[in-house]
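Chain letters run A, B, ... following the sequence lines, proteins first and then strands; every chain starts at 1.
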Number of protein chains: 4
Amino acid sequence: MTGEEISIEFLLEEDELTDKQKKILVAAIESFSEKGYAATSTNEIAKKAGVAEGTIFRHYKTKKDLLLNIVAPVMAKLVAPFVIRDLDKVLNKRFDTFEDFLRAMIENRREFIEKNGQIIRILLQEIPFQPELREQFKEHVATRLFERFTKVAVYYQEKGEIIDIPPLSALRLTASSIIGYFIAKYLIIPESEWDDEAETERTIQFILNGLGKGTK
Amino acid sequence: MTGEEISIEFLLEEDELTDKQKKILVAAIESFSEKGYAATSTNEIAKKAGVAEGTIFRHYKTKKDLLLNIVAPVMAKLVAPFVIRDLDKVLNKRFDTFEDFLRAMIENRREFIEKNGQIIRILLQEIPFQPELREQFKEHVATRLFERFTKVAVYYQEKGEIIDIPPLSALRLTASSIIGYFIAKYLIIPESEWDDEAETERTIQFILNGLGKGTK
Amino acid sequence: MTGEEISIEFLLEEDELTDKQKKILVAAIESFSEKGYAATSTNEIAKKAGVAEGTIFRHYKTKKDLLLNIVAPVMAKLVAPFVIRDLDKVLNKRFDTFEDFLRAMIENRREFIEKNGQIIRILLQEIPFQPELREQFKEHVATRLFERFTKVAVYYQEKGEIIDIPPLSALRLTASSIIGYFIAKYLIIPESEWDDEAETERTIQFILNGLGKGTK
Amino acid sequence: MTGEEISIEFLLEEDELTDKQKKILVAAIESFSEKGYAATSTNEIAKKAGVAEGTIFRHYKTKKDLLLNIVAPVMAKLVAPFVIRDLDKVLNKRFDTFEDFLRAMIENRREFIEKNGQIIRILLQEIPFQPELREQFKEHVATRLFERFTKVAVYYQEKGEIIDIPPLSALRLTASSIIGYFIAKYLIIPESEWDDEAETERTIQFILNGLGKGTK
DNA sequence: TATGAATGAGTCTTCATTCAT
DNA sequence: CATGAATGAAGACTCATTCAT
């Protein structure tokens, strides 16, 4: 269930990308994630990339096009670990309990976030302002995530491990906790005060108890 | 424990505000929340407010000043229900169980959000880009929230209602669930598919079980 | 039948125009007529007008808007002498013969051209490239000119002064000769070689004989 | 007196032209005539020609060079039917009357225009903006046309067919009528409303009467 | 010979802010 | 207090031209 991660490194090792093109991407990602899309000028990107301003527009028709080209591949991989053929079989084989599933999920996405932190930050920051992004997010992330998670939820509900609530509600509560965990870890709480192992464990137990049926 | 809500209406009934000033605020709030701070021009605000562009700058030194003046009072009230004297006594008197507390909290903040939705949206959208906002948020919201919630957590931990984890962890998990609830309700899920009462209940039970000690 | 001429001077004495606005118009007219619309930069206009570049766009939404605002009023007046109420009566009273009519027409338009030469030049140069201009020209000039000239032609045809050909043909031949006269006078032939009175006379006689019925 | 016409086809069958070069010419002619020289980008020409942008500049030093290379040969042929050795003899033999001459001239130039319409359009549109073009036009067209037409005019004046006015005036009046005829036919009046034969005849008669001496 | 990536000066346009009225 | 004309710096984007391959 290890999704094929996309990382900036990976992105930049694409054969099709010119050397300059890679520099443009790196510079844009850095600036966008630091100051936001709107507050970053193409001039600034060009300078940081060591490239003429015109070169940016040779490769990306508009500034927005550049943004979308940065964010799209990462968005596509956001739900990767869920998009597996024969999900049921995989669950059967590899995730005996909902706990196993949760643990794998968190671990997997943690790696993903560590590799793509900047781009995810850009995605989160710009989604309110870019309708195209929102559309793509709905289509490629939200819908598919819900679809797959429904199967997972039903699977463990039938096994009697989690309570009978609508899958959407289960998804909401699970996702809140996990995303909240990541936001705390990566955006809010300084590393010094964060005991990763313990917090992971608390989060998993919180979800398990929250959705669990019975006695601890 | 009903905090003194700030609402746009309230904001606009301030005696100190000129009629024009109120119109400017309303126009700015509307535009900022719809298109974002960066994408809103002062010219546009002036037109929508039926005011000359110069008038805006007579009341607010800069555009950013206008933003801060909109967001600051709401930010101050974000944690209002927590900021009470003699919190212990209040807990004693009014919130016999953690469940009572949670329920009151959610209800109270729901009202607040319904009155101040636009401004909260602005706050969320701009926090990544405005260091001043982030600073104010930390100082007036995060710190105080943590401080007060610690007391609450300890109170119910001592009563044996919730498990013994660091208050910050308890806060993180509780807040994740509640904020996730509000984000789903107000930003993601269309009203038609949202059964408010049931979802509230599920959220409360999820937190109670998640942090609860024992048998259900 | 003296149309109310529009001249640059007149244009610039409009009360509604700011001082800066007038300077912008003068500068734009000069540059457009010399180098053409496409080859004139707004920066250049601003400098020549002694105005900030932004000021141009405060008064004219786009560069094209500026062009149209220059050309439109002149275009409207191009056919002015034809657009008279009770054309028949006027012909009756004031232009006993087609010759009188021609002579008056040429004299009147000569004055017009002398006052509005630059703008007419712009009009001629840009009509091939600006569909809006072409449209306006058709609507406000061509159609109305044809309509009125038809009455004139029929009037003198009925009087037996000019031959019975379709008015459109008569218009084409008359206009060719007169416009050709003006183009030669103002655009091609250096003043030194041009005997105005004689050439005017030759042109009139050429048209009269060309369209005339009978013996000289 | 049939001038050796230059047509696009002819132009393109030149042996010295590469295949790519021909494609560039065709593409450039099409774009220049449709949108004007200034509004056509070399990039666009390259795409339309199926050629790399650099290739254009391998054959034509600059964009303006390309324009001149398109327009120059056509300009050279504009006055072709006049540039004949022993003009007097030819007139003697082939054009007994001024009417014969006019008729042949119109017919001949009509063919020329039909073959080279696009390029002539480019010439007309760009002459106001390109001093080089204007210079070439004066030198190769205007001067020679005037020179030759003078002989023609004198010839028929001596025969008593046309009135005694300066040849330049005769040229102006004749040319106005013929060019006006072509402009109406090709640029202004929609084909449906144009009776070619009749209009040609009217134009010829107009000129003949206009310049003629006596009774019809 | 042909390519097409790269350039950087230049284009039109927007915008927050100022200031005389 | 309020206005709105004026500013000029900055923005995204275009384009003819060059040059290494």
Side-chain angles (χ1 to χ4, degrees), chain A residues 17-21 23-24 37-47 49-66, chain B residues 18-21 24 37-47 49-66, chain C residues 17-21 23-24 37-47 49-66, chain D residues 18-21 24 37-47 49-66:
Chain A
L17 294 179
T18 326
D19 184 48
K20 305 241 166 187
Q21 213 162 342
K23 281 182 187 160
I24 291 170
Y37 169 81
T40 301
S41 74
T42 52
N43 171 0
E44 183 189 334
I45 295 172
K47 269 183 189 147
V51 150
E53 208 169 347
T55 307
I56 295 176
F57 292 93
R58 173 154 284 283
H59 295 293
Y60 306 93
K61 254 166 58 95
T62 64
K63 190 186 164 196
K64 187 162 288 170
D65 196 40
L66 174 58
Chain B
T18 330
D19 185 47
K20 304 237 166 190
Q21 214 163 340
I24 291 170
Y37 169 79
T40 301
S41 71
T42 51
N43 170 11
E44 186 190 333
I45 295 171
K47 270 186 189 142
V51 149
E53 215 169 339
T55 308
I56 294 176
F57 290 90
R58 183 151 292 281
H59 293 292
Y60 305 95
K61 248 168 54 102
T62 67
K63 191 186 164 195
K64 186 161 288 172
D65 196 42
L66 174 59
Chain C
L17 295 179
T18 326
D19 184 48
K20 306 241 165 188
Q21 214 164 341
K23 281 183 186 160
I24 291 170
Y37 169 80
T40 301
S41 73
T42 50
N43 172 0
E44 184 189 336
I45 296 172
K47 270 184 189 145
V51 151
E53 210 169 345
T55 307
I56 295 175
F57 291 92
R58 172 154 284 283
H59 295 294
Y60 305 94
K61 253 166 60 96
T62 65
K63 190 186 164 195
K64 186 161 288 171
D65 196 40
L66 174 59
Chain D
T18 330
D19 184 47
K20 305 238 165 191
Q21 216 164 338
I24 291 169
Y37 169 79
T40 300
S41 71
T42 51
N43 170 13
E44 185 189 335
I45 295 172
K47 270 185 188 142
V51 148
E53 215 169 340
T55 307
I56 294 176
F57 290 90
R58 184 150 292 281
H59 294 292
Y60 305 94
K61 249 168 52 105
T62 66
K63 190 186 165 195
K64 186 163 288 172
D65 196 41
L66 173 58

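- A donor-acceptor distance shorter than 3.5 angstrom exists from the side chain of Lys63(A) to the backbone of Tyr37(A), with no hydrogens or angles considered.
- His59(A) contributes atom NE2, which lies 9.0 Å from atom NZ of Lys20(A) (distance to the nearest 0.5 angstrom).
- Place Arg58(C) and Arg58(A) on DNA chain E by their nearest nucleotides, and Arg58(A) ends up nearer the 5' end.
- For DNA chain E, the outermost nucleotides in 5' to 3' order that have an atom under 4.0 Å from a heavy atom of chain D are dT1(E) to dG4(E).
- Distance check: Ile56(D) CD1 to Asn43(D) CG gives 8.5 Å after rounding to the nearest 0.5 Å.
- Interatomic distance, OG1 of Thr42(A) versus CD1 of Ile24(A), reported as 10.5 Å (0.5 Å rounding).
- Taken to the nearest 0.5 Å, the CD atom of Gln21(D) stands 10.0 Å off from the CG atom of Leu66(D).
- In terms of heavy-atom proximity, Ala38(A) sits nearest to Ala38(B) at CB-CB, 3.9 Å.
- The CD atom of Glu53(C) sits 9.0 Å away from atom CD1 of Ile45(C), with the distance rounded to the nearest 0.5 Å.
- The structure places OG1 of Thr55(D) at 8.0 Å from CZ of Arg58(D), a figure rounded to the nearest 0.5 Å.
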Paired and unpaired positions of DNA chain F as dot-bracket, Watson-Crick or G-U wobble under 3.5 Å, | denoting a partner strand
.||||||||||||||||||||
Detail all sub-3.5 Å separations between protein N/O atoms and N/O atoms belonging to nucleotides 11-15 of chain F.
residue : atom : partner  : partner atom : Å
dA12(F) : OP1  : Thr40(A) : O            : 3.4
dA12(F) : OP1  : Lys63(A) : NZ           : 2.8
dA12(F) : OP2  : Thr42(A) : N            : 2.8
dA12(F) : OP2  : Thr42(A) : OG1          : 3.1
dC13(F) : OP2  : Lys63(A) : N            : 2.7

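- Ranked by how close their nearest DNA chain E nucleotide is to the 5' end, Lys20(D) and His59(A) are led by Lys20(D).
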